[in-house]
Amino acid sequence: MASLTSWSSKFLLMTLTTFTIIAKPSVADPVFRSSPWASANATFYGGETTSGTMGGACGYGDVFSNGYGKNTVALSTTLFKKGYACGTCYQVQCAGSPSCHSGKPSITVTATNFCPPSGWCKPPRAHFDLSKPAFMKIAQWKAGIVPIKYRRVPCNRTGGVRFLFEGNKYWLSVFVMNVGGGGDVSNMWVKGSKTEWIEMKYNWGASYHARAQLGGQSLSFKLTSDSTKETIIARDAAPENWKLGSTYKTRVNFH
């Protein structure tokens, strides 16, 4: 017969093992969390009407009608990440300059464009080329450039992810907009009502494409966030009679 001491030791080991399994943390957190603050500089481009910020390297076109408004930014190469940073959000605060507005107000901006790799945007600098209205909220515009503190923050969007369709009868190009959570997408798939899931290839900016004839089918999309690896599915995002040049809204988004 085993001794009382031996039995107690085995019971303690079993208890600790069980507790370890229960207490094991989740591998992935689907909720995007703000990053630590970092330092950079900010300039501005375009005029006060922000007409110069339309279009851009992310392909969002009219940033007003597509939900991004005046608080937008063109990122330097280091931050733009070859387009995968399109749609990401940053909290920006003027820091250490007499041109900063009193109270050091901060703004949240969305990456909608790319700042060419020269001047202040030359690698490896982390630089923010803000729309002029955004710059004017944190500093006097006559300064031209100011030091800032910045950090990635969650993108708080109204409604679900939106898809803008382009292409032709043989291939479909989709611009992904109004992305919440981390604001970014790393992988995307499309499923017609008569097909299985088809992997879409990254094109440029916020654009993905699939070489498939999908006309006359309702379309569903599956997306994975680059930041959190969360995957969401927008079922029947577009009806059977979908059209190129149209934007389709969904009810799902990242956290």
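Along the sequence shown, residues carry numbers from 1.
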Quiz question: by atom type and distance under 3.5 Å, do the side chains of R235 and S218 form a donor-acceptor pair?
no
Considering only NZ, NE, NH1 and NH2 on the basic side and carboxylate oxygens on the acidic side, decide whether R152 and D184 come within less than 4.0 Å.
yes
We want to know whether K222 and N187 form a side-chain donor-acceptor pair, criterion being a heavy-atom distance below 3.5 angstrom.
no
Geometric class of the H127/W120 ring pair [parallel <30°, tilted 30-60°, perpendicular >60°]:
parallel
Below 30° counts as parallel, above 60° as perpendicular, anything between as tilted: where do the rings of F128 and Y90 land?
perpendicular
Quick check: do N253 and N178 have side-chain heavy atoms less than 4.5 Å from each other?
yes
Is the distance between the ring centroids of F165 and W242 less than 6.0 Å?
yes
Measure the shortest side-chain to side-chain distance between W171 and K201 over non-hydrogen atoms and say whether it is less than 4.5 angstrom.
no
Quick one: sort the Y60 and Y68 rings into parallel, tilted or perpendicular, breaks at 30° and 60°.
tilted
Do S227 and R33 have a side chain donor and acceptor closer than 3.5 Å?
no
Taking atom types as modelled, is there a side-chain donor on H101 or Q140 under 3.5 Å from an acceptor on the other?
no
Do the side-chain N and O atoms of Y45 and N113 include a donor-acceptor pair separated by under 3.5 angstrom?
yes
Would you say the ring centroid of F163 lies under 6.0 angstrom from that of F221?
yes
Give the C-alpha distance, both sets of side-chain angles, the deciding distance and a yes or no for side-chain contact (heavy atoms from CB on, under 4.5 Å) between K82 and T77.
CA-CA 7 Å; K82 298 181 179 180; T77 302; over 6 Å; no
So V190 and W197, do their side chains get closer than 4.5 Å, heavy atoms only?
no
Flag the pair T72 / V109 as yes when at least one side-chain heavy-atom distance between them is below 4.5 Å, and no otherwise.
no
Looking only at side-chain N and O atoms, does T224 offer a donor or acceptor that is under 3.5 Å from a partner on T231?
yes
Backbone N or O of M136 within a donor-acceptor pair of the K132 side chain at under 3.5 Å?
no
Less than 4.5 Å apart, any side-chain heavy atom of V92 and any of I138?
yes
Ignoring hydrogens and geometry, is there a side-chain-to-backbone donor-acceptor pair from Y208 to V185 under 3.5 Å?
yes
